[in-house]
Amino acid sequence: GGPVGVAVLHQPRGPACDVKPGSTDNPVNPRAHGVIPVAILGSASFDVNEIDPATVTFGPGAALAVHKALIHFEDVNQDGNLDALCDHLR
């Protein structure tokens with residue numbers, strides 16, 4: 001036997017997110033009621049300005065953003081790329 005070729009297939013994934021930006025452990029209590037902040041992290045290959053706020057959902061229940069039209073932008077992870085922040089009901 002000669003060398004064997006291996007193909008590695010990658011499933012496309014959504015953009016990286018940070019639940020409760022600024023928190024080190026990102027705790028989420030599924031039984032709690034209230035609002036949870038979520039940052040969608042921008043990168044050199046993903047421009048958060050392209051996000052349609054009406055389509056942003058969170059979690060297995062696909063919770064909509066509290067204010068569908070309200071996403072604000074800042075660099076939450078200090079990488080030089082804008083990130084999109086929105087609040088979701090849980």
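The first residue in the sequence is number 1, and the count goes up from there.
N77 has its side chain within reach of L41: a pair of non-hydrogen atoms, C-beta onward, lies under 4.5 Å apart. Between S43 and P15 there is no side-chain heavy-atom pair separated by less than 4.5 Å. With contacts defined as side-chain heavy-atom distances shorter than 4.5 Å, the pair I40/F46 qualifies.
Follow the hydrophobic side-chain contacts under 4.5 Å out from V76 and you never reach V38; the two are in separate clusters. The cluster map of Ile, Leu, Val, Met, Phe, Trp and Tyr, joined by side-chain heavy atoms under 4.5 Å apart, puts V56 and L85 in different clusters. Side-chain heavy atoms closer than 4.5 Å link hydrophobic residues (I, L, V, M, F, W, Y) into clusters, and following such links, possibly through other members, connects F73 to I51.
We find the CD1-CG distance between I71 and N49 to be 10.0 Å, quoted to the nearest 0.5 Å. The distance from atom CG of D47 to atom CG of N81, rounded to the nearest 0.5 Å, is 9.0 Å.
Judged by distance alone, with hydrogens and angles left aside, the side-chain atoms of D83 form no donor-acceptor pair with the main-chain N or O of A39 at under 3.5 Å.
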